[in-house]
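Notes follow once the structure below has been shown.
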Amino acid sequence: MRQCSFDSCTFSITGRCIQGHSESECPHIDEAAEQGGISDQEPAEGDWSRAGAQWEGDSDEGAGHAVLEPTQEMPRLPPSMTLGSEEAESLMCSEYTTMVGIVGLPASGKTACLVSAYLLLSRGQFQGYDFADSRSLMAFEQISRGSRQWATAETPRQLTVRTELADDRQPGFLHFKLRRKADNRFFNILLPDLPGEWSRTLIDKADSTRFEFIKSATVIWIMVDGREFVDPIQRNYATYRTELLITRLAGVLYAPAPRIILVPSWKDIGEFPKATFDLIQAAGRDAGFNITLAPIASFSENDHVEPGDGVANLLNITLNHDRVRPDFWPDDHESKLRNLSAFRSA
């Protein structure tokens with residue numbers, strides 16, 4: 001390889017000698033380079049590719065290839081904690097996903113229900129469904145620590161850890177992917193694990209700022225403490241609070257409303273009173289909701305009720321929701337015309 005020792009040589013860029021010499025007559029050609037040696041001169045700008053080939057070796061096999069192979073980045077597993085709003089939205093945009101909105105006061109059994117579902121799936125005891133995947137396994141492990149430490153004969157007062165979010169303004173979502181045994185169909189489910197204080201603030205102050213995500217939900221679970229409804233002394237107040245929560249949700253959700261499921265916990269200590277459910281269902285109709293009842297026993301103190309009773313049925317009802325689709329071109333009641341403005345105002 002021939003290299004010019006003239007500092008201002010532009011031959012490698014322009015193909016013409018700046019002093020008018022031909023390549024064969026140039027007096028600055030480095031003889032050592034001409035005989036195969038390597039010059040100490042730094043390659044001119046634009047000649048780095050040729051210099052790199054020379055440093056790698058003069059053989060044709062090495063020419064044009066990098067000296068070092070690019071490093072291969074090791075695959076990284078997801079952090080597996082709860083998903084943020086952006087991650088949840090990304091999943092919903094890439095795959096069909098059922099977003100569940102979960103509301104309920106503290107001690108209503110929200111986290112216990114999620115833990116029970118996780119334990120049933122991990123043991124292959126989830127009726128009608130198999131576990132397929134999860135993007136939040138570590139989060140499930142974290143909230144289920146209390147139940148795994150249950151080793152005494154007496155049932156502890158709390159089997160799950162209290163929900164605390166790193167960001168008190170944003171929900172954290174748990175994710176399941178299930179395979180339905182009947183037809184091998186897969187379902188993605190997003191389930192928020194929220195502090196009960198959020199629902200208390202919604203009921204007492206009508207503060208719905210942290211429930212914006214619930215507008216994207218196709219199904220909503222209203223979790224209630226079943227013990228309060230079995231007790232005649234607490235029943236009326238618990239019913240009133242539930243009806244007030246329904247009223248608050250009506251002010252947050254778009255029409256048509258998603259399917260609402262009333263989920264009383266502690267099914268193992270007694271049946272949910274039918275007369276009470278009739279009152280709650282009537283309040284739901286007044287708010288534009290169709291409410292379904294799905295009692296559960298996340299854990300059980302009753303020998304006649306299995307732990308996790310009703311949880312698989314709750315998920316089955318959730319996945320087979322029948323939300324009414326809105327009319328794409330609703331009527332404009334004033335002009336009786338179907339137009340875009342009518343759709344936006346509906």
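As the structure is a prediction and not an experimental result, all values here were calculated from the model.
When atom types are taken as modelled, the side chain of T201 and the backbone of A206 share no donor-acceptor pair closer than 3.5 angstrom. Counting only distance, with no hydrogens or angles, the side chain of Q281 and the backbone of I291 share a donor-acceptor pair below 3.5 Å. Between the D268 side chain and the S300 main chain, no donor and acceptor come within less than 3.5 Å of each other. In this structure, the side chain of T276 does not engage the main chain of F272 through any donor-acceptor pair within 3.5 Å. When atom types are taken as modelled, the side chain of K110 and the backbone of G104 share a donor-acceptor pair closer than 3.5 angstrom. For the pair E87 (side chain) and G84 (backbone), a donor-acceptor distance under 3.5 Å is present. Counting only distance, with no hydrogens or angles, the side chain of R248 and the backbone of I203 share a donor-acceptor pair below 3.5 Å. Within the 3.5 Å criterion, the main-chain N or O of N316 finds a donor-acceptor partner in the side chain of N320. Panel note: side chain R210, backbone W198; no donor-acceptor pair is recorded below 3.5 Å. At least one donor-acceptor pair under 3.5 Å links the side chain of D207 to the backbone N or O of T209.
A 4.5 Å side-chain heavy-atom check between I296 and C113 finds at least one atom pair inside the cut-off. Counting only heavy atoms from C-beta outward, the side chains of T98 and L190 never approach each other to under 4.5 Å. Residues L262 and P295 form no side-chain contact, since every pair of their non-hydrogen atoms from C-beta on lies 4.5 Å or further apart. Inter-residue side-chain proximity for P273 and R235 is flagged as met; some heavy-atom pair is nearer than 4.5 Å. Contact of the I261 side chain with the I317 side chain is registered, since non-hydrogen atoms from C-beta on lie closer than 4.5 Å. Counting only heavy atoms from C-beta outward, the side chains of S85 and F213 never approach each other to under 4.5 Å. Under the 4.5 Å side-chain criterion, counting only non-hydrogen atoms from C-beta, I214 is in contact with L253. Counting only heavy atoms from C-beta outward, the side chains of T318 and W221 approach each other to under 4.5 Å.
Considering every non-hydrogen atom in both P258 and A217, the closest pair reads CB-O, 3.6 Å. Contact between Y129 and K181 at its shortest, heavy atoms only, is O-CE, 3.6 Å. Of all heavy-atom pairs spanning F173 and A88, the tightest one is CD1-CB, 3.8 Å. Shown here for S298 and S116, the closest heavy-atom pair between the two residues is O-OG, 3.1 Å. Residues R200 and P106 come closest through the heavy atom pair NH2-CG, 3.6 Å. Heavy-atom minimum distance, A283 versus E243: CB-CG, 3.9 Å.
Tracing side-chain contacts under 4.5 Å through hydrophobic residues (I, L, V, M, F, W, Y), one never reaches L279 starting from V224; they form parts of separate clusters. V103 and L293 fall within a single hydrophobic cluster, where Ile, Leu, Val, Met, Phe, Trp and Tyr are joined by side-chain heavy atoms under 4.5 Å apart, directly or via other members.
Atom CD of E89 is surrounded by 12 or fewer heavy atoms from other residues, nucleotides or ligands within 6.0 Å. For E306, the CD atom is loosely surrounded, since the number of other residues' heavy atoms within 6.0 Å does not exceed 12. Atom CD of Q125 has more than 12 heavy atoms from other residues, nucleotides or ligands within 6.0 Å.
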Dump the intermediate steps for side chain to side chain contact (heavy atoms under 4.5 Å, CB included) on I220 and V100, then the final yes or no. CA-CA 6 Å; I220 294 178; V100 180; over 6 Å; no
Evaluate the criterion side-chain hydrogen bond (donor to acceptor under 3.5 Å, both in side chains) for residue pair R259 and N290; output intermediate values, then yes/no. CA-CA 6 Å; R259 185 171 194 172; N290 179 25; over 6 Å; no
Would you please test E228 and R241 for salt bridge (Lys or Arg N to Asp or Glu O under 4.0 Å) and show each step? CA-CA 11 Å; E228 296 179 349; R241 297 285 280 176; over 6 Å; no
Taking it one step at a time, do I269 and V305 satisfy side chain to side chain contact (heavy atoms under 4.5 Å, CB included)? CA-CA 9 Å; I269 67 171; V305 178; over 6 Å; no
Please determine whether salt bridge (Lys or Arg N to Asp or Glu O under 4.0 Å) holds for the pair K274 and D278, giving the CA-CA distance in whole Å, both sets of side-chain angles, and the decisive distance to 0.1 Å. CA-CA 6 Å; K274 183 180 183 305; D278 290 340; 3.2 Å; yes
Walk me through it: do K177 and F187 pass the test side chain to side chain contact (heavy atoms under 4.5 Å, CB included)? CA-CA 5 Å; K177 178 179 264 189; F187 296 87; over 6 Å; no
Intermediate values then yes/no, side chain to side chain contact (heavy atoms under 4.5 Å, CB included), L114 and I102: CA-CA 11 Å; L114 300 178; I102 304 179; 4.2 Å; yes
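For an aromatic pair to be called close, the ring centres must be under 6.0 Å apart, and F131 with Y118 fails this. Ring centers of F176 and F140: under 6.0 Å apart, within the cut-off.
A salt bridge links E95 with R135: at least one charged nitrogen is closer than 4.0 Å to a carboxylate oxygen.
R227 CZ to Q234 CD: the interatomic distance, rounded to the nearest 0.5 Å, is 9.0 Å. Atoms CD1 and OG1, from I222 and T242 in turn, are 7.5 Å apart once rounded to the nearest 0.5 Å. The CG atom of D193 lies 5.5 Å from the CG atom of L174; values are rounded to the nearest 0.5 Å. Separation of atoms CG (D225) and OG (S108) is listed at 7.0 Å; rounding is to 0.5 Å. The distance from atom CG of D309 to atom CZ of F299, rounded to the nearest 0.5 Å, is 13.5 Å. Distance check: L178 CG to D130 CG gives 9.0 Å after rounding to the nearest 0.5 Å.
By the 30° and 60° cut-offs, the orientation of the rings of Y240 relative to Y237 is tilted.
Not counting sequence neighbours, the partners of D183 by the salt bridge (Lys or Arg N to Asp or Glu O under 4.0 Å) test are R180.
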